[in-house]
Novice: 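Let me begin by handing over the structure; questions about it come next.
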Amino acid sequence: MNQLLYEGRTLVGMVSAIIRQDALRVAYNRLDWERMFRLADYHRVANIIYLGVLGKGDVLPDRWRDRFFERYQQALTFGESCEESLKEVLTWLDMREISCTVLTSASIRELYQIPETAENSPVQILLDEEEYYLAKGYLVDLGYETDQIYKGYGERMRKVSGVSVILYQQLPFRIPAYLKSMQRLLETANLEEPYTHVRMLSQESEFIFRMARAVYGYITEELRLREALDLQLFHQFCRDELDKENVKRWLEDFQIDELAEKLLRVVYMWFGDKKDSYFIDQPEDMSVFNILEDRLLTQGEINQESDEQALKLEKALQKELDKEQRAEGREMFWEKLKERLLAFKKRFQWVFPDYHYMSSIYPTVEKIPVLLPLFWGVRGIRLLLRMFIK
């Protein structure tokens, strides 16, 4: 079995057992804990895994036990300061009449039965470009620093306490049709009391956003276990209140309705209750779900994609990536051409200095400007003689 796939499945097994509070069955001695920590940290579930390795004696080297504990401690600290910090940021934006939309809030933390297993989930806020820089400046004044840049879209800003905020000036989706559907979805956001300029998505719209975001992450090989776990918990929490027909219409608009259902089934099989209908009413042919699972757990290293909607999205994405690459190529060409012209201009100006420079060296040029070309030649001969004499 592919090593990354084996480690991925082990990681899923540990996370699901802790979330469901089941008995853990892990061959700890067979694991490379350096690789397991890096994988858990990549998927943002290292704080959960820490609970799974408590009391395992010498099985886990101290260095990696400390790293897991560090992530666990960060999650505890974040829980204490998250709500207050978020309220501070949103209140400031509202007071300065800065319109924004909160894409995902930290309320997902409330769905974890064990609070410290929740992540330091950053609040995601979408703003206009001009207001984006005002908001960023305010966060800097509050002690936030840029933690990660999403080129062309926004950045993640983090405080020493661990509280993070993601500011977007543009939604991070390259596929035009997908972006258009997402913008329409965000138009359903409503003003949230007590704010007058801060909009938030309804529970149903937030689920659709999370689902569409997860599918996009799946085709770009960027979907983390944490996002999959958040999606499953959020859906489990609100599934009975969702207007299933409306959700289906939205997902059809994104052209991901079938793929979204498959992905949702996978995350339920990973983290859901074994008495849930997603477990009980399983289709006879499970091979398609194995393909999704293998691709998810290996970040695309194993990719035998067969879903038509996924393939269509990948084709549309590749088209946009190719377009960006061509645009970058053109930009690089003109930049190089500009540099060469500038270098040629400098050489030309050195060989044929302007009138003011020549008249300062040769007073005759100032008296008789028409002799400028002649003195260019005189200057050139002098420079050549000087070079030969040396």
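What you see below is based on every heavy atom in this structure, not just the backbone, and it leaves out hydrogens, waters and symmetry mates. Because the structure is a prediction, the values reported are computed rather than measured.
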Novice: Tell me, do L39 and L4 make a side-chain contact under 4.5 Å, heavy atoms counted?
Specialist: yes
Novice: Heavy atoms only: give me the nearest T196-D94 pair and the separation to one decimal.
Specialist: N-OD1, 2.8 Å
Novice: Would E70 and Y50 satisfy side-chain contact (heavy atoms from CB on, under 4.5 Å), going step by step from the backbone distance to the final call?
Specialist: CA-CA 9 Å; E70 182 184 339; Y50 176 72; over 6 Å; no
Novice: With a 3.5 Å distance limit and no angle check, can you tell me whether R20 reaches the backbone of G272 through a side-chain donor-acceptor pair?
Specialist: yes
Novice: Please confirm whether the backbone N or O of D243 pairs with a side-chain atom of E204, one donor and one acceptor, at under 3.5 Å?
Specialist: yes
Novice: Quick one: CZ on R174 to NZ on K323, what's the gap to the nearest 0.5 Å?
Specialist: 12.5 Å
Novice: Rounded to the nearest 0.5 Å, what's the gap from CG on L231 to CG on L225? Could you check?
Specialist: 12.5 Å
Novice: Is there side-chain contact between V12 and V15, with at least one heavy-atom pair below 4.5 Å?
Specialist: no
Novice: Are L86 and M95 connected into the same hydrophobic cluster when the rule is that any two of I, L, V, M, F, W, Y join if their side-chain heavy atoms are below 4.5 Å apart?
Specialist: no
Novice: With heavy-atom distances below 4.5 Å as the criterion, would you say the side chains of F254 and M211 are in contact?
Specialist: no
Novice: Would you check if Y112 and D230 make a side-chain contact, meaning some heavy-atom pair closer than 4.5 Å?
Specialist: yes
Novice: Main chain of E305, side chain of N303: is a donor-acceptor contact present, judged purely on distance under 3.5 Å?
Specialist: yes
Novice: Can you name the nearest heavy-atom pair linking F68 to A46, along with the distance?
Specialist: CD2-O, 3.4 Å
Novice: Decide side-chain contact (heavy atoms from CB on, under 4.5 Å) for L171 and L186; before the verdict, give the C-alpha distance in whole Å, the side-chain angles of both, and the deciding distance to 0.1 Å.
Specialist: CA-CA 10 Å; L171 290 168; L186 296 189; 3.7 Å; yes
Novice: Under 30°, 30 to 60°, or over 60°: which ring-plane class applies to Y178 and F173, parallel, tilted or perpendicular?
Specialist: tilted
Novice: Looking at CE of M200 and OH of Y195, how far apart are the two atoms once the value is rounded to the nearest 0.5 Å?
Specialist: 5.5 Å
Novice: Decide whether V370 and I361 are clustered together by the hydrophobic rule: side chain heavy atoms of Ile, Leu, Val, Met, Phe, Trp, Tyr closer than 4.5 Å, transitively.
Specialist: yes
Novice: Taking 4.0 angstrom as the limit, do K262 and E258 come out as a salt bridge?
Specialist: no
Novice: What's the shortest heavy-atom distance between R224 and H43, and which atoms?
Specialist: CA-ND1, 3.5 Å
Novice: Kindly write out the residues that satisfy side chain to side chain contact (heavy atoms under 4.5 Å, CB included) with P61, not counting sequence neighbours, or none if the list is empty.
Specialist: W33, W64
Novice: Any ion pair linking R213 and E227 (charged N to carboxylate O, less than 4.0 Å)?
Specialist: no
Novice: Mind listing the closest non-hydrogen atom pair of Y216 and P172 along with its distance?
Specialist: CE2-O, 3.7 Å
Novice: Do L311 and V215 share a hydrophobic cluster, counting only Ile, Leu, Val, Met, Phe, Trp and Tyr and linking them when any side-chain heavy atoms are less than 4.5 Å apart?
Specialist: no
Novice: Could you tell me whether the side chain of N47 and the main chain of A118 form a donor-acceptor pair under 3.5 Å?
Specialist: yes
Novice: Measure the spacing between CZ of R239 and CD of Q232 and express it to the nearest 0.5 Å.
Specialist: 8.5 Å
Novice: For the residue pair G300 and E221, what are the closest heavy atoms and their distance?
Specialist: CA-OE1, 3.4 Å
Novice: Using side-chain heavy atoms (C-beta onward) and a distance below 4.5 Å, is M157 in contact with V89?
Specialist: no
Novice: Report, one line per pair, each donor and acceptor closer than 3.5 Å where one atom sits in a side chain of residues 135-143; sequence neighbours left out.
Specialist:
unit_1	atom_1	unit_2	atom_2	d
K136	NZ	E155	OE1	3.4
K136	NZ	E155	OE2	3.2

Novice: Side-chain contact, heavy-atom cut-off 4.5 Å: W92 with I98?
Specialist: yes
Novice: Sequence neighbours left out, what pairs pass side chain to side chain donor-acceptor pair (under 3.5 Å) with at least one residue falling in residues 357-370?
Specialist: Y362-R382
Novice: What I want to find out is whether K336 reaches E339 closely enough, with some N-O distance under 4.0 Å, to be called a salt bridge.
Specialist: no
Novice: Do E34 and R63 meet the salt-bridge criterion of a basic N to acidic O distance under 4.0 Å?
Specialist: no
Novice: What's the separation between atom CG in D307 and atom CG in L263, rounded to the nearest 0.5 Å?
Specialist: 10.0 Å
Novice: Give the cluster check for V53 versus Y42: same hydrophobic cluster or not, with ILVMFWY residues linked at side-chain heavy-atom distances below 4.5 Å.
Specialist: no
Novice: If the condition is ring pair (Phe, Tyr, Trp, His ring centres under 6.0 Å), which residues does Y144 pass it with, not counting sequence neighbours?
Specialist: none
Novice: Do H235 and L242 have side chains that approach each other closer than 4.5 Å (heavy atoms only, starting at C-beta)?
Specialist: yes
Novice: By side chain to side chain donor-acceptor pair (under 3.5 Å), which residues pair with T91, not counting sequence neighbours?
Specialist: none
Novice: Give a yes or no answer on whether the side chain of S181 reaches the backbone of A177 with a donor-acceptor pair at less than 3.5 Å.
Specialist: yes
Novice: Where do L292 and R265 land on the side-chain contact (heavy atoms from CB on, under 4.5 Å) test, with the steps shown first?
Specialist: CA-CA 10 Å; L292 262 71; R265 182 176 289 277; over 6 Å; no
Novice: Checking R156 against Y150: charged group under 6.0 Å from the ring centre and within 45 degrees of the axis?
Specialist: no
Novice: Would you call L11 and L297 a side-chain contact if the rule is heavy atoms closer than 4.5 Å?
Specialist: no
Novice: Nearest 0.5 angstrom please: R210 CZ to L201 CG, how far?
Specialist: 10.0 Å
Novice: Identify whether F333 and L341 are in the same connected component of the hydrophobic contact network (ILVMFWY, side-chain heavy atoms under 4.5 Å).
Specialist: yes
Novice: Would you say that more than 12 heavy atoms from the other residues, nucleotides or ligands in this model lie under 6.0 Å from the CE of M286, or not?
Specialist: yes
Novice: Under 3.5 Å, side chain of R199 to main-chain N/O of C100, donor-acceptor pair present?
Specialist: no
Novice: For I256 and A212, which heavy atoms make the closest approach, and how far apart are they?
Specialist: CD1-CA, 3.8 Å
Novice: Does D41 have any side chain to side chain donor-acceptor pair (under 3.5 Å) partners at least two apart in sequence or in another chain, and if so, which?
Specialist: R71
Novice: Charged N to carboxylate O under 4.0 angstrom, R9 versus D294?
Specialist: yes
Novice: Are any of the side-chain nitrogens in R295 or E314 under 4.0 Å away from the carboxylate oxygens of its partner?
Specialist: yes
Novice: Using a strict 4.0 Å threshold on nitrogen-to-oxygen distance, state whether E308 and K312 make a salt bridge.
Specialist: no
Novice: For E119 and I108: C-alpha separation, side-chain torsions, deciding distance, then whether side-chain contact (heavy atoms from CB on, under 4.5 Å) applies.
Specialist: CA-CA 9 Å; E119 191 211 3; I108 189 71; over 6 Å; no
